[in-house]
There are 2 protein chains.
Amino acid sequence: MARQARALATRQAVLLAAAEVFDERGYAAATMSEILDRAGVTKGALYFHFHSKEELALAVIEGQGAWIASWEPSSDSPMQTLIDLAYAFAHALQEDPLVRGSIRLTIEHGSFTQPQIAAYQGWMDLVRELLQRARDAGELHPGIDLAAASGVITGAVTGIQLSSQVLADRRDLIQRIAHLWTLLLPGLVQPHALARLSVAERAAS
Amino acid sequence: MARQARALATRQAVLLAAAEVFDERGYAAATMSEILDRAGVTKGALYFHFHSKEELALAVIEGQGAWIASWEPSSDSPMQTLIDLAYAFAHALQEDPLVRGSIRLTIEHGSFTQPQIAAYQGWMDLVRELLQRARDAGELHPGIDLAAASGVITGAVTGIQLSSQVLADRRDLIQRIAHLWTLLLPGLVQPHALARLSVAERAAS
DNA sequence: GATAGAATACCTACTGGACGGTATGCGCCC
DNA sequence: GGGCGCATACCGTCCAGTAGGTATTCTATC
(Lines give C-alpha, C1' and ligand atoms only; values in the text may rest on other atoms or scores of the structure.)
Protein backbone atom coordinates (compact mmCIF):
# COMPACT_ATOMS: atom_id res chain seq x y z
CA MET A 1 0.00 0.00 0.00
CA ALA A 2 2.72 2.41 0.95
CA ARG A 3 4.66 1.85 -2.20
CA GLN A 4 1.58 2.82 -4.15
CA ALA A 5 1.19 6.18 -2.50
CA ARG A 6 2.66 8.09 -5.42
CA ALA A 7 0.80 5.93 -7.93
CA LEU A 8 -2.47 6.52 -6.18
CA ALA A 9 -1.91 10.25 -6.23
CA THR A 10 -1.30 10.36 -9.96
CA ARG A 11 -4.25 8.12 -10.55
CA GLN A 12 -6.44 10.52 -8.62
CA ALA A 13 -4.97 13.50 -10.45
CA VAL A 14 -5.76 11.90 -13.79
CA LEU A 15 -9.26 11.01 -12.73
CA LEU A 16 -9.95 14.52 -11.51
CA ALA A 17 -8.54 16.16 -14.62
CA ALA A 18 -10.49 13.78 -16.82
CA ALA A 19 -13.71 14.53 -14.98
CA GLU A 20 -13.15 18.26 -15.46
CA VAL A 21 -12.40 17.99 -19.14
CA PHE A 22 -15.27 15.60 -19.81
CA ASP A 23 -17.56 17.96 -17.95
CA GLU A 24 -16.47 20.97 -19.97
CA ARG A 25 -16.18 19.43 -23.40
CA GLY A 26 -18.10 16.18 -23.44
CA TYR A 27 -16.61 12.81 -24.27
CA ALA A 28 -15.85 13.15 -27.97
CA ALA A 29 -14.49 16.67 -27.81
CA ALA A 30 -12.31 15.94 -24.81
CA THR A 31 -8.73 15.19 -25.77
CA MET A 32 -6.27 13.06 -23.88
CA SER A 33 -3.69 15.83 -24.31
CA GLU A 34 -5.80 18.29 -22.36
CA ILE A 35 -6.37 15.77 -19.60
CA LEU A 36 -2.64 15.10 -19.56
CA ASP A 37 -1.77 18.76 -19.29
CA ARG A 38 -4.31 19.48 -16.61
CA ALA A 39 -3.27 16.52 -14.53
CA GLY A 40 0.39 17.42 -14.91
CA VAL A 41 1.14 13.88 -15.97
CA THR A 42 2.65 12.28 -19.03
CA LYS A 43 1.05 9.96 -21.47
CA GLY A 44 2.90 6.96 -20.15
CA ALA A 45 1.63 7.59 -16.64
CA LEU A 46 -1.95 7.95 -17.78
CA TYR A 47 -2.00 4.89 -19.97
CA PHE A 48 -0.42 2.90 -17.16
CA HIS A 49 -3.49 3.51 -15.03
CA PHE A 50 -6.17 3.62 -17.72
CA HIS A 51 -5.78 1.66 -20.90
CA SER A 52 -8.04 3.75 -23.09
CA LYS A 53 -10.08 6.90 -23.22
CA GLU A 54 -13.23 4.88 -22.78
CA GLU A 55 -11.94 3.12 -19.69
CA LEU A 56 -11.11 6.50 -18.23
CA ALA A 57 -14.60 7.75 -18.95
CA LEU A 58 -16.13 4.71 -17.33
CA ALA A 59 -14.03 5.32 -14.23
CA VAL A 60 -15.40 8.86 -14.10
CA ILE A 61 -18.96 7.61 -14.44
CA GLU A 62 -18.31 5.37 -11.46
CA GLY A 63 -17.93 8.54 -9.39
CA GLN A 64 -21.68 8.90 -9.49
CA GLY A 65 -22.24 5.57 -7.82
CA ALA A 66 -19.62 6.49 -5.25
CA TRP A 67 -21.45 9.70 -4.46
CA ILE A 68 -24.76 7.93 -4.06
CA ALA A 69 -23.15 5.31 -1.84
CA SER A 70 -21.50 7.93 0.35
CA TRP A 71 -24.66 9.96 0.74
CA GLU A 72 -26.26 9.73 4.16
CA PRO A 73 -30.00 10.15 4.42
CA SER A 74 -31.14 12.54 7.09
CA SER A 75 -33.11 11.00 9.93
CA ASP A 76 -36.19 12.95 8.98
CA SER A 77 -39.37 11.99 7.19
CA PRO A 78 -38.79 10.12 3.91
CA MET A 79 -40.19 12.95 1.83
CA GLN A 80 -38.03 15.51 3.57
CA THR A 81 -35.06 13.25 2.97
CA LEU A 82 -35.85 13.19 -0.73
CA ILE A 83 -36.02 16.96 -0.83
CA ASP A 84 -32.71 17.21 0.97
CA LEU A 85 -31.19 14.72 -1.42
CA ALA A 86 -31.96 16.98 -4.33
CA TYR A 87 -30.22 19.89 -2.65
CA ALA A 88 -27.22 17.78 -1.68
CA PHE A 89 -26.96 16.60 -5.26
CA ALA A 90 -27.24 20.16 -6.50
CA HIS A 91 -24.33 21.19 -4.32
CA ALA A 92 -22.30 18.26 -5.53
CA LEU A 93 -22.98 19.39 -9.08
CA GLN A 94 -21.71 22.83 -8.23
CA GLU A 95 -18.61 21.73 -6.38
CA ASP A 96 -17.54 18.17 -7.08
CA PRO A 97 -15.84 17.83 -10.46
CA LEU A 98 -16.23 14.08 -10.44
CA VAL A 99 -19.98 14.33 -10.08
CA ARG A 100 -20.14 17.00 -12.77
CA GLY A 101 -18.14 14.99 -15.26
CA SER A 102 -19.99 11.86 -14.36
CA ILE A 103 -23.34 13.46 -15.04
CA ARG A 104 -22.33 14.87 -18.37
CA LEU A 105 -21.05 11.50 -19.52
CA THR A 106 -24.22 9.83 -18.32
CA ILE A 107 -26.39 12.30 -20.15
CA GLU A 108 -24.49 12.13 -23.41
CA HIS A 109 -25.54 8.99 -25.10
CA GLY A 110 -23.93 7.12 -27.92
CA SER A 111 -20.79 5.32 -26.89
CA PHE A 112 -21.55 3.80 -23.54
CA THR A 113 -25.24 3.11 -23.45
CA GLN A 114 -24.93 0.26 -20.97
CA PRO A 115 -23.20 1.96 -18.00
CA GLN A 116 -25.25 5.09 -18.59
CA ILE A 117 -28.46 3.21 -18.12
CA ALA A 118 -27.05 1.67 -14.97
CA ALA A 119 -26.20 5.11 -13.60
CA TYR A 120 -29.67 6.41 -14.36
CA GLN A 121 -31.17 3.36 -12.80
CA GLY A 122 -29.20 3.91 -9.62
CA TRP A 123 -30.82 7.30 -9.20
CA MET A 124 -34.29 6.11 -9.98
CA ASP A 125 -33.98 3.23 -7.55
CA LEU A 126 -32.89 5.53 -4.77
CA VAL A 127 -35.71 7.99 -5.42
CA ARG A 128 -38.21 5.22 -5.69
CA GLU A 129 -37.15 3.70 -2.40
CA LEU A 130 -37.59 7.03 -0.66
CA LEU A 131 -41.00 7.44 -2.24
CA GLN A 132 -41.95 3.98 -1.10
CA ARG A 133 -41.04 4.87 2.45
CA ALA A 134 -42.95 8.12 2.12
CA ARG A 135 -46.00 6.19 1.05
CA ASP A 136 -45.58 3.81 3.98
CA ALA A 137 -45.41 6.84 6.26
CA GLY A 138 -48.68 8.07 4.79
CA GLU A 139 -47.16 11.19 3.28
CA LEU A 140 -48.11 10.57 -0.34
CA HIS A 141 -51.43 10.96 -2.05
CA PRO A 142 -53.07 7.60 -2.46
CA GLY A 143 -52.87 6.19 -5.95
CA ILE A 144 -49.51 7.69 -6.82
CA ASP A 145 -47.62 5.56 -9.32
CA LEU A 146 -44.20 5.21 -7.72
CA ALA A 147 -42.34 4.24 -10.85
CA ALA A 148 -43.87 7.12 -12.78
CA ALA A 149 -43.18 9.59 -10.00
CA SER A 150 -39.55 8.58 -9.61
CA GLY A 151 -39.13 8.89 -13.37
CA VAL A 152 -40.57 12.37 -13.33
CA ILE A 153 -38.46 13.48 -10.40
CA THR A 154 -35.15 12.21 -11.72
CA GLY A 155 -35.95 13.45 -15.19
CA ALA A 156 -36.99 16.86 -13.96
CA VAL A 157 -33.90 17.25 -11.79
CA THR A 158 -31.73 16.18 -14.71
CA GLY A 159 -33.28 18.72 -17.02
CA ILE A 160 -33.33 21.54 -14.54
CA GLN A 161 -29.71 20.95 -13.76
CA LEU A 162 -28.96 20.99 -17.45
CA SER A 163 -30.79 24.17 -18.27
CA SER A 164 -29.23 25.84 -15.26
CA GLN A 165 -25.84 24.78 -16.55
CA VAL A 166 -26.40 26.05 -20.07
CA LEU A 167 -28.06 29.29 -19.05
CA ALA A 168 -26.21 30.27 -15.89
CA ASP A 169 -23.31 27.88 -15.33
CA ARG A 170 -25.34 26.30 -12.53
CA ARG A 171 -25.25 29.43 -10.38
CA ASP A 172 -29.04 29.45 -9.93
CA LEU A 173 -29.34 25.71 -9.51
CA ILE A 174 -30.40 25.78 -5.86
CA GLN A 175 -33.14 28.26 -6.61
CA ARG A 176 -34.41 26.23 -9.52
CA ILE A 177 -34.55 23.11 -7.37
CA ALA A 178 -36.59 25.07 -4.85
CA HIS A 179 -39.02 26.10 -7.58
CA LEU A 180 -39.30 22.52 -8.71
CA TRP A 181 -40.26 21.25 -5.27
CA THR A 182 -42.69 24.08 -4.79
CA LEU A 183 -44.57 23.10 -7.90
CA LEU A 184 -44.19 19.36 -7.58
CA LEU A 185 -45.04 18.66 -3.96
CA PRO A 186 -48.76 19.55 -4.05
CA GLY A 187 -49.30 16.82 -6.62
CA LEU A 188 -47.27 14.36 -4.64
CA VAL A 189 -47.89 14.63 -0.91
CA GLN A 190 -50.98 15.08 1.20
CA PRO A 191 -51.74 18.49 2.68
CA HIS A 192 -50.99 17.52 6.28
CA ALA A 193 -47.58 16.24 5.23
CA LEU A 194 -46.94 19.21 2.99
CA ALA A 195 -47.39 21.54 5.93
CA ARG A 196 -44.57 19.82 7.81
CA LEU A 197 -42.06 19.85 4.96
CA SER A 198 -39.53 22.57 4.42
CA VAL A 199 -39.34 23.05 0.70
CA ALA A 200 -36.43 25.44 0.76
CA GLU A 201 -32.97 24.22 1.50
CA ARG A 202 -32.23 23.60 5.12
CA ALA A 203 -28.93 24.21 6.85
CA ALA A 204 -26.52 21.36 6.28
CA SER A 205 -26.52 18.87 9.12
CA MET B 1 -36.65 29.99 -58.00
CA ALA B 2 -36.97 27.37 -60.67
CA ARG B 3 -33.30 27.24 -61.34
CA GLN B 4 -32.65 26.51 -57.69
CA ALA B 5 -34.93 23.51 -57.51
CA ARG B 6 -32.10 21.01 -57.60
CA ALA B 7 -29.93 23.07 -55.30
CA LEU B 8 -32.71 23.37 -52.78
CA ALA B 9 -33.25 19.64 -52.80
CA THR B 10 -29.62 18.87 -52.07
CA ARG B 11 -29.53 21.54 -49.41
CA GLN B 12 -32.50 19.93 -47.72
CA ALA B 13 -30.97 16.48 -48.04
CA VAL B 14 -27.79 17.69 -46.38
CA LEU B 15 -29.67 19.42 -43.59
CA LEU B 16 -31.75 16.35 -42.89
CA ALA B 17 -28.78 14.00 -42.89
CA ALA B 18 -26.85 16.38 -40.66
CA ALA B 19 -29.72 16.58 -38.20
CA GLU B 20 -29.87 12.80 -38.03
CA VAL B 21 -26.17 12.36 -37.48
CA PHE B 22 -25.97 15.15 -34.93
CA ASP B 23 -28.90 13.62 -33.11
CA GLU B 24 -27.32 10.19 -33.00
CA ARG B 25 -23.72 11.11 -32.30
CA GLY B 26 -23.60 14.63 -30.97
CA TYR B 27 -21.68 17.48 -32.54
CA ALA B 28 -18.09 16.44 -31.89
CA ALA B 29 -18.53 12.77 -32.73
CA ALA B 30 -20.45 13.49 -35.90
CA THR B 31 -18.31 13.33 -39.00
CA MET B 32 -18.85 15.16 -42.25
CA SER B 33 -18.25 11.90 -44.10
CA GLU B 34 -21.21 10.23 -42.47
CA ILE B 35 -23.40 13.20 -43.25
CA LEU B 36 -22.16 13.10 -46.83
CA ASP B 37 -22.89 9.42 -47.22
CA ARG B 38 -26.30 9.63 -45.67
CA ALA B 39 -27.28 12.60 -47.79
CA GLY B 40 -25.97 10.93 -50.94
CA VAL B 41 -24.02 14.06 -51.76
CA THR B 42 -20.37 14.82 -52.31
CA LYS B 43 -18.12 17.03 -50.30
CA GLY B 44 -18.12 19.76 -52.88
CA ALA B 45 -21.89 19.96 -52.86
CA LEU B 46 -22.07 20.14 -49.10
CA TYR B 47 -19.41 22.78 -48.73
CA PHE B 48 -21.10 24.82 -51.42
CA HIS B 49 -24.17 25.14 -49.24
CA PHE B 50 -22.53 25.17 -45.81
CA HIS B 51 -19.05 26.52 -45.36
CA SER B 52 -18.19 24.65 -42.21
CA LYS B 53 -19.36 22.00 -39.80
CA GLU B 54 -20.33 24.67 -37.33
CA GLU B 55 -22.42 26.57 -39.84
CA LEU B 56 -24.22 23.33 -40.63
CA ALA B 57 -24.91 22.74 -36.96
CA LEU B 58 -26.27 26.25 -36.56
CA ALA B 59 -28.58 25.68 -39.49
CA VAL B 60 -29.88 22.56 -37.75
CA ILE B 61 -30.42 24.45 -34.52
CA GLU B 62 -32.52 26.91 -36.49
CA GLY B 63 -34.96 24.09 -37.12
CA GLN B 64 -36.13 24.48 -33.55
CA GLY B 65 -37.19 28.06 -34.11
CA ALA B 66 -38.92 27.01 -37.28
CA TRP B 67 -40.89 24.39 -35.39
CA ILE B 68 -41.95 26.86 -32.73
CA ALA B 69 -42.96 29.37 -35.37
CA SER B 70 -45.00 26.82 -37.29
CA TRP B 71 -46.77 25.56 -34.20
CA GLU B 72 -50.38 26.61 -33.92
CA PRO B 73 -51.91 26.97 -30.49
CA SER B 74 -55.23 25.30 -30.04
CA SER B 75 -58.15 27.58 -29.42
CA ASP B 76 -58.65 26.19 -25.95
CA SER B 77 -57.83 27.53 -22.53
CA PRO B 78 -54.23 28.74 -22.18
CA MET B 79 -53.32 25.99 -19.75
CA GLN B 80 -54.79 23.31 -21.98
CA THR B 81 -52.82 24.81 -24.85
CA LEU B 82 -49.62 24.49 -22.84
CA ILE B 83 -50.37 20.86 -22.09
CA ASP B 84 -51.06 20.21 -25.76
CA LEU B 85 -47.83 21.97 -26.69
CA ALA B 86 -45.84 19.51 -24.64
CA TYR B 87 -47.46 16.58 -26.42
CA ALA B 88 -46.97 18.16 -29.83
CA PHE B 89 -43.33 18.72 -29.00
CA ALA B 90 -43.00 15.15 -27.80
CA HIS B 91 -44.31 13.87 -31.11
CA ALA B 92 -41.94 16.12 -33.00
CA LEU B 93 -39.11 14.64 -30.97
CA GLN B 94 -40.20 11.17 -31.94
CA GLU B 95 -40.70 11.88 -35.61
CA ASP B 96 -39.00 15.01 -36.87
CA PRO B 97 -35.25 14.49 -37.33
CA LEU B 98 -34.62 18.21 -37.50
CA VAL B 99 -36.19 18.79 -34.13
CA ARG B 100 -34.30 15.85 -32.66
CA GLY B 101 -30.94 17.02 -33.93
CA SER B 102 -31.71 20.56 -32.99
CA ILE B 103 -32.47 19.60 -29.41
CA ARG B 104 -29.36 17.54 -28.98
CA LEU B 105 -27.19 20.36 -30.25
CA THR B 106 -28.96 22.81 -27.98
CA ILE B 107 -28.48 20.60 -24.97
CA GLU B 108 -24.83 19.89 -25.63
CA HIS B 109 -22.95 22.90 -24.53
CA GLY B 110 -19.45 23.94 -25.32
CA SER B 111 -19.01 25.21 -28.81
CA PHE B 112 -22.04 27.34 -29.51
CA THR B 113 -23.16 28.78 -26.23
CA GLN B 114 -24.76 31.84 -27.78
CA PRO B 115 -27.31 30.31 -30.18
CA GLN B 116 -28.06 27.59 -27.65
CA ILE B 117 -29.12 30.12 -25.09
CA ALA B 118 -31.28 31.77 -27.71
CA ALA B 119 -32.99 28.47 -28.48
CA TYR B 120 -33.65 27.81 -24.82
CA GLN B 121 -34.95 31.31 -24.39
CA GLY B 122 -37.37 30.83 -27.25
CA TRP B 123 -38.98 27.95 -25.43
CA MET B 124 -39.11 29.69 -22.09
CA ASP B 125 -40.67 32.77 -23.64
CA LEU B 126 -43.37 30.72 -25.28
CA VAL B 127 -44.17 28.83 -22.09
CA ARG B 128 -44.13 31.98 -20.08
CA GLU B 129 -46.54 33.71 -22.40
CA LEU B 130 -48.97 30.83 -22.14
CA LEU B 131 -48.67 30.89 -18.37
CA GLN B 132 -49.32 34.61 -18.39
CA ARG B 133 -52.50 34.08 -20.33
CA ALA B 134 -53.47 31.27 -17.99
CA ARG B 135 -53.06 33.60 -15.08
CA ASP B 136 -55.15 36.25 -16.82
CA ALA B 137 -57.81 33.61 -17.34
CA GLY B 138 -57.76 32.86 -13.63
CA GLU B 139 -56.51 29.33 -14.07
CA LEU B 140 -53.34 29.58 -12.00
CA HIS B 141 -52.90 29.64 -8.28
CA PRO B 142 -52.34 33.17 -7.10
CA GLY B 143 -48.76 33.98 -6.27
CA ILE B 144 -47.19 31.72 -8.87
CA ASP B 145 -43.84 33.04 -10.04
CA LEU B 146 -44.18 32.91 -13.81
CA ALA B 147 -40.48 33.01 -14.58
CA ALA B 148 -39.78 30.27 -12.07
CA ALA B 149 -42.63 28.13 -13.34
CA SER B 150 -41.62 28.42 -16.98
CA GLY B 151 -38.08 27.50 -16.01
CA VAL B 152 -39.29 24.43 -14.17
CA ILE B 153 -41.57 23.34 -17.01
CA THR B 154 -39.03 23.72 -19.79
CA GLY B 155 -36.33 22.17 -17.67
CA ALA B 156 -38.50 19.27 -16.64
CA VAL B 157 -39.62 18.56 -20.20
CA THR B 158 -36.01 18.74 -21.35
CA GLY B 159 -34.87 16.26 -18.74
CA ILE B 160 -37.77 13.88 -19.15
CA GLN B 161 -37.23 13.85 -22.87
CA LEU B 162 -33.58 13.11 -22.27
CA SER B 163 -34.06 10.29 -19.83
CA SER B 164 -36.70 8.80 -22.08
CA GLN B 165 -34.22 8.93 -24.93
CA VAL B 166 -31.39 7.30 -23.00
CA LEU B 167 -33.53 4.66 -21.34
CA ALA B 168 -36.08 3.79 -24.02
CA ASP B 169 -35.17 5.59 -27.25
CA ARG B 170 -38.09 7.95 -26.57
CA ARG B 171 -40.67 5.21 -26.94
CA ASP B 172 -42.28 6.01 -23.58
CA LEU B 173 -42.02 9.76 -24.01
CA ILE B 174 -45.74 10.44 -24.28
CA GLN B 175 -46.42 8.49 -21.11
CA ARG B 176 -43.71 10.30 -19.21
CA ILE B 177 -45.11 13.64 -20.27
CA ALA B 178 -48.48 12.54 -19.01
CA HIS B 179 -46.94 11.64 -15.66
CA LEU B 180 -45.24 15.01 -15.51
CA TRP B 181 -48.47 16.91 -16.00
CA THR B 182 -50.29 14.76 -13.52
CA LEU B 183 -47.79 15.64 -10.82
CA LEU B 184 -47.20 19.22 -11.83
CA LEU B 185 -50.68 20.60 -12.41
CA PRO B 186 -51.96 20.49 -8.82
CA GLY B 187 -49.20 22.88 -7.79
CA LEU B 188 -49.87 25.13 -10.73
CA VAL B 189 -53.57 25.53 -11.41
CA GLN B 190 -56.59 26.03 -9.21
CA PRO B 191 -58.92 23.10 -8.54
CA HIS B 192 -61.81 24.42 -10.61
CA ALA B 193 -59.49 24.81 -13.62
CA LEU B 194 -57.83 21.47 -12.99
CA ALA B 195 -61.18 19.75 -13.25
CA ARG B 196 -61.67 21.10 -16.74
CA LEU B 197 -58.25 20.14 -18.10
CA SER B 198 -57.51 16.91 -19.87
CA VAL B 199 -54.09 15.88 -18.68
CA ALA B 200 -53.71 12.96 -21.06
CA GLU B 201 -53.05 13.53 -24.70
CA ARG B 202 -56.05 14.54 -26.74
CA ALA B 203 -56.74 13.53 -30.30
CA ALA B 204 -54.88 15.72 -32.75
CA SER B 205 -57.02 18.55 -34.09
C1' DG C 1 -35.61 29.25 -80.45
C1' DA C 2 -30.79 28.68 -81.23
C1' DT C 3 -26.21 30.18 -79.23
C1' DA C 4 -22.89 32.11 -76.49
C1' DG C 5 -21.27 32.86 -72.15
C1' DA C 6 -21.74 33.55 -67.34
C1' DA C 7 -23.17 32.22 -63.09
C1' DT C 8 -24.55 28.50 -60.33
C1' DA C 9 -24.06 23.97 -58.59
C1' DC C 10 -21.36 20.24 -57.95
C1' DC C 11 -17.26 16.65 -58.21
C1' DT C 12 -12.50 14.59 -57.10
C1' DA C 13 -8.20 14.50 -55.21
C1' DC C 14 -5.56 16.17 -51.96
C1' DT C 15 -3.41 18.30 -47.49
C1' DG C 16 -2.00 19.41 -43.04
C1' DG C 17 -2.79 18.58 -38.56
C1' DA C 18 -4.47 16.41 -34.52
C1' DC C 19 -5.73 12.55 -32.06
C1' DG C 20 -5.71 7.95 -29.63
C1' DG C 21 -2.71 4.62 -28.79
C1' DT C 22 1.99 2.04 -28.55
C1' DA C 23 6.89 0.68 -28.09
C1' DT C 24 10.74 1.04 -25.66
C1' DG C 25 13.50 2.48 -22.21
C1' DC C 26 14.76 4.37 -17.62
C1' DG C 27 14.77 5.33 -12.61
C1' DC C 28 13.32 4.20 -8.04
C1' DC C 29 11.55 1.75 -4.25
C1' DC C 30 10.90 -2.87 -1.97
C1' DG D 1 17.80 -6.80 -8.85
C1' DG D 2 13.25 -7.12 -10.20
C1' DG D 3 9.04 -5.19 -11.07
C1' DC D 4 6.28 -1.12 -10.44
C1' DG D 5 5.59 3.48 -12.05
C1' DC D 6 6.54 6.58 -15.27
C1' DA D 7 8.88 9.29 -19.49
C1' DT D 8 9.60 10.09 -24.57
C1' DA D 9 9.35 9.44 -29.16
C1' DC D 10 6.82 7.71 -32.56
C1' DC D 11 2.90 5.67 -35.67
C1' DG D 12 -1.18 5.04 -38.37
C1' DT D 13 -5.56 6.88 -38.96
C1' DC D 14 -9.06 9.95 -39.60
C1' DC D 15 -10.98 14.30 -40.10
C1' DA D 16 -12.34 19.17 -41.51
C1' DG D 17 -11.46 21.84 -44.98
C1' DT D 18 -9.57 23.35 -49.82
C1' DA D 19 -8.07 23.73 -54.71
C1' DG D 20 -9.18 23.46 -59.00
C1' DG D 21 -11.78 21.50 -62.54
C1' DT D 22 -16.46 20.13 -64.67
C1' DA D 23 -21.26 19.97 -65.49
C1' DT D 24 -25.68 22.24 -65.42
C1' DT D 25 -28.81 25.84 -65.75
C1' DC D 26 -30.15 30.61 -66.48
C1' DT D 27 -29.88 34.99 -69.26
C1' DA D 28 -29.13 37.83 -73.12
C1' DT D 29 -29.02 38.64 -77.82
C1' DC D 30 -30.30 37.69 -82.35
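Letters go in sequence order (proteins before strands), and every chain restarts at 1. This is a predicted model, so every value here is computed, not measured.
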Between [X] and [Y], does at least one N-O distance fall below 4.0 Å, as a salt bridge requires?
X: Arg133(B); Y: Glu129(B); answer: yes
X: Glu24(A); Y: Arg38(A); answer: yes
X: Arg202(A); Y: Asp76(A); answer: yes

Original post:
Looking at Tyr47(A) and Ser52(A), what are the two nearest heavy atoms and their distance?
Top reply: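 Here Tyr47(A) and Ser52(A) meet closest at CE2-CA, 4.1 Å.
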Whole angstrom value for the distance that separates [atom2] of [N] from [atom1] of [X]:
X: Glu34(B); N: dC14(D); atom1: CD; atom2: P; value: 14 Å
X: Gln12(B); N: dA9(C); atom1: CD; atom2: P; value: 14 Å
X: Arg25(A); N: dC19(C); atom1: CZ; atom2: P; value: 11 Å

Original post:
Counting any heavy atom closer than 4.0 Å, what does Ala30(B) reach on the DNA or RNA strands: base, sugar-phosphate only, or nothing?
Top reply: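 Since only primed, P, OP1 and OP2 atoms lie under 4.0 Å of Ala30(B), the category is sugar-phosphate.
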**OP:** Might you confirm whether atom CD of Glu34(B) has over 12 heavy atoms from other residues, nucleotides or ligands at distances under 6.0 Å?
**Re:**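 Count over threshold, so yes.
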Original post:
Quick one: do the His109(B) and Gln116(B) side chains pair a donor with an acceptor below 3.5 Å?
Top reply: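 Their side chains do not contain a donor-acceptor pair, so the 3.5 Å distance test is not met.
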Original post:
If only side-chain N and O atoms of Ser33(A) are considered, is one of them under 4.0 Å from the OP1 or OP2 phosphate oxygen of dA18(C)?
Top reply: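 Checking dA18(C) against Ser33(A), no side-chain N or O comes under 4.0 Å of OP1 or OP2.
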**OP:** With a 4.0 Å heavy-atom cut-off, tell me which residues in residues 38-52 of chain A come close to DNA chain D, sorted by residue number.
**Re:**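 Hits under 4.0 Å, by residue number: Thr42(A), Lys43(A), Gly44(A), Ala45(A), Phe48(A), His49(A).
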